[in-house]
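A short write-up of the structure that comes next.
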Amino acid sequence: MIKKYLKLFANSIVISLLTVGTIEICARIDDSISYGAPLLSKYTSNRLRSDDGGIQHNISNSRFEKWENNNFGFRGEDIQLSKASDVERIVCLGSSESYGLYENPGMEWPAQLKSALSENSYEVINASVVGLSIRNYLPYIRKYILPLKPDTIILVINPLFHACRIEHDKITKTIKISAVKEKVKKEGNISGATFGDGGFEWRSKPKIKQVIKGMLSEYLPNVLLSSQLKNTQKQISQIEKKYLRGRLPVDQVPMDSLRQYREDLSSLIDNLKFYGINIILTTYPSLISSTNMDQYPDVFLDNRKFCINYSLVGMLDIFERYNEISIQLGIGKKVDVLDISRLIPKSLVFFGDNVHYSDRGSELIAKKISKTLLLDKKYNDSF
Amino acid sequence: MNITSLKYLVFSLAVLSVYAITPKKYKWVSLLVSSCFFYYSFGAPYLLFSLSVVTIGTYFFGLYIYKAVKQSHKKVFFFLGVLGNIIILILLKYTPFIDENIKRFTEAANIQTDFQIGFHLVAIGVSYFVFQSIAYLADIYLETLKPEKHLGYLALSLSFFPKLIQGPIERGNSILPQIKNLDNINRTNLAIGTHLFFWGLFKKVVVADRLSAFVDPVYSDVSTHYGLEFFIATYLFAFQLYFDFSGYTDMARGVARCFNIKLTENFNSPYLATSTADFWRRWHISFSSWILDYLFKPIQFNLRYWLKWGTPIALIITFFVSGIWHGAAWTYVFWGLLHGIFLGTGVVFKKQVKQIYKKIGFKKGKLPDFLSVFITFHLICFAWVFFRAQTLMDGFLIIKSSIVDLPKSLFLVGDSYQVFLKHCFLGKPSVEFFSVITLIIIASFVPKVFQKNSLDEAPADEVLWFRELSSISRGVVYGVLLYLIIFCGASAQSFIYMQF
């Protein structure tokens, strides 16, 4: 009798191990067929970007899951270096919110702008790089954008990268974009998955995790939300402990930071003007405002992981103050300023998280910018 | 509660747990209560009420028919019982159709009236339990079944949750004895049931739902497609429908099997049928045998004096009703009529066709099997066009375009191979197209390859191949299936046959 049960037990163990192993192999084959991922070596979002002599840029012809770079390392279809004489070349420059994170492929705002302008003689290039901060814009533009001879550059500048740059650089090294985020977005739960640099990595693990999250968000949304909040709070207190070392997070952006941002932005605009490039400067939209802070506690807290030296109130202050500076400086320097921060309704229908957009959010931005561009064109043509 | 949802899986496990700890004597109670709860979960309490009315009515009429001494009394009770069931079916399922057609007719005839029956209800599962009730009454009337004296057993036989919303349509003498002898859960049935459930889930969420992504865009916008696209979309729809419905049936049979109840197998490789008559012996078997026994045979008997024309007319009437049963729309009616015509024509011209075959030189006056299968499959697909089309006009347009525009879409090869391929793949990437074709092949042939028929079970119980695998193969197969179901399933689509 015991022998029979032992045999049954051993059999079950063998079947279970083989099942788990097969699921892992299937995950690798699936990634390989769907995204051209390597079967054996590591597969992370690092394959999309490189740091070339301190200038962060995308790697040409690279791909990670739904994100694909073209022959110049820009998101979208391949382009030619030289542009046609009757075409106005527009370069969209931002960080992850413009490169596209939660949108379906082809739905990030520069791609939608391209579609919106397709009947006119415009060429839209999405040259955004995930994690690009204002201080890196100029060297990046000089090296990668100027050879393209753009007519217009649309600037979307993430203020968090400026205000929280020290912590951000350190913390983002442990955060990866995962395939699964695509699905998480649908359920409205956003969190980065961390991973180590060690040898073997389960490809099926994040997929399974995501399915479980999806199920929980469908059937037990409150349980999931409270557990996510708990986790995020725990992570935040660990990061606070590590980086703040007893200091309190601030509620207001220090004047020095604001002055520095003004100087950086001013220098960027002056330089672009010097190169004869038309500039469209935008404000930076965020999901959370002072009126809806309680509505999305998980989203806001999650964003705070990247900006640990600011309190939640302090983070709101960042968006408000930096956007004010963009508007003032833009008007002062006579460049087009689009206040897209007030354009997008503060809802998860339009946002994927606090600073990234959904397909619909991107659609609103693309429409607004295309309208401005076409109006400008009409105005210029009339003279 | 969608049967492919996690909710259903959790519900089934909960019912199974309660069933396991319930004493034998009261196991039927736990299943009946669970079934009522399941039906109630669709958010339409009147469905449960209708089921109760049908159950109680059928119970008493069954007893009256059995107890009636005079044949005329038996007949009256039988007709009253059937009429009651049909009235409930019409009230719940056909009022929108009736209202729509009254409106069309009055508009066409320029008659001023506001007459409308008015209430348009959801009728999930109604046609299935009503047909089972009618079969129960007919069997008692024909004295092939004794009425069930225990109202609870009868109620459970009609409402048993795995088969409630989409069949199979069980016969009293098949399901009632099993319900009366509900036993403790046993490991073999549990294993077979689990395999059946997951195999069905695979067929539904991985194969059928992926196919619908190819078929739906074509059939929902017929004006922007033509020629070859309709051919391919229709072939794919044929498989989508098969995997959708047979997937559901396997899942239902799987859950039922865990409770030691064997439900009827509804399919037996229908697209390998060598004639349309053979197709109906292999497709939706519980329904086709129902219409054969309770509709076709009585009509045929009544038309026996019409000599040569009796059977074809009986077939056309039977399949006309079958069309209406499938859906309250003219597309279904036409689909049913087409099948009636296929079968009727076969009967009328049987002799002539045999003579022609003999002249051509086919042995025994029969087409070779592969040719029969090929022709039958195309006749079935021709009819599926009307089954799937949104309107009759769409159906005719598809048929016309498939014939008239086919050369045009084939000539695209000369113009641009890429455009031709785009047409072939229905606008989807080639990887996706070939994935679904591979999935169709896997779902169709893997069971046949592995099945050794060495077990006692009927060969049609295709999932038994699981049990013949070695531990190593089994681990690999489980892994592949689970991966496909969990990560490649395109679910959230409801079952096609649920609407019937």
Side-chain angles (χ1 to χ4, degrees), chain A residues 4-37 63 65-66 68 104-106 178-180 182-183 186-187 202-221 223-224, chain B residues 1-2 4-14 41 186-188 190-191 194-195 198 201-202 205-206 210 213 427-439 442 446 466-492:
Chain A
K4 189 184 155 194
Y5 279 108
L6 271 176
K7 202 181 160 190
L8 190 72
F9 179 72
N11 212 15
S12 309
I13 296 283
V14 170
I15 291 176
S16 307
L17 287 175
L18 277 164
T19 304
V20 171
T22 309
I23 287 177
E24 178 59 22
I25 293 167
C26 286
R28 283 167 187 267
I29 294 171
D30 189 8
D31 282 349
S32 175
I33 295 171
S34 306
Y35 311 118
R63 184 177 185 186
E65 294 174 356
K66 67 174 181 179
E68 250 181 308
N104 288 304
S178 120
V180 202
E182 210 178 329
K183 283 186 182 169
K186 287 175 189 157
E187 280 96 41
W202 288 94
R203 288 266 183 95
S204 51
K205 197 177 153 190
K207 291 176 195 273
I208 292 169
K209 233 174 155 181
Q210 216 43 57
V211 168
I212 294 169
K213 265 189 180 177
M215 283 174 175
L216 283 175
S217 76
E218 192 179 340
Y219 298 112
L220 301 163
V223 173
L224 181 70
Chain B
M1 198 185 298
N2 189 339
T4 56
S5 66
L6 182 70
K7 248 185 205 172
Y8 182 78
L9 189 64
V10 172
F11 170 77
S12 301
L13 287 173
S41 77
N186 76 59
R187 224 180 71 197
T188 312
L190 201 61
T194 312
H195 286 148
F198 282 103
L201 191 61
F202 163 73
V205 302
V206 183
R210 284 192 158 247
K428 301 263 186 245
S430 56
V431 176
E432 273 184 44
F433 184 82
F434 288 116
S435 312
V436 290
I437 299 297
T438 311
L439 287 169
I442 291 174
V446 164
F466 270 109
R467 311 200 63 214
E468 298 191 0
L469 297 172
S470 66
S471 298
I472 292 173
S473 316
R474 212 187 271 197
V476 173
V477 170
Y478 288 169
V480 173
L481 265 190
L482 281 177
Y483 186 85
L484 288 171
I485 290 169
I486 298 170
F487 302 111
C488 303
S491 202

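Per-residue counts of heavy-atom pairs under 4.5 Å with chain B were compared for Ser34(A), Ser204(A), Ala27(A); the largest is that of Ala27(A). Of the residues considered (Val431(B), Val10(B), Ile472(B)), Ile472(B) shows the highest number of contacts with chain A, using heavy-atom pairs under 4.5 Å. Note on Val480(B), Leu484(B), Leu481(B): by heavy-atom pairs under 4.5 Å with chain A, the leading option is Val480(B).
Contacts between Leu6(B) and chain A at a heavy-atom distance below 4.5 Å involve backbone atoms as well as side-chain atoms. With a threshold of 4.5 angstrom between heavy atoms, Ser435(B) does not approach chain A through any atom at all. For Leu17(A), no part lies near chain B; criterion is any non-hydrogen pair under 4.5 Å.
Ile15(A) CD1 to Tyr478(B) OH: the interatomic distance, rounded to the nearest 0.5 Å, is 5.5 Å. To the nearest 0.5 Å, the span separating CD1 on Ile29(A) from OH on Tyr483(B) amounts to 9.5 Å.
In summary, of the residues considered (Ile23(A), Val211(A), Ile208(A)), a side chain to side chain contact (heavy atoms under 4.5 Å, CB included) with Ile486(B) occurs for Val211(A) alone.
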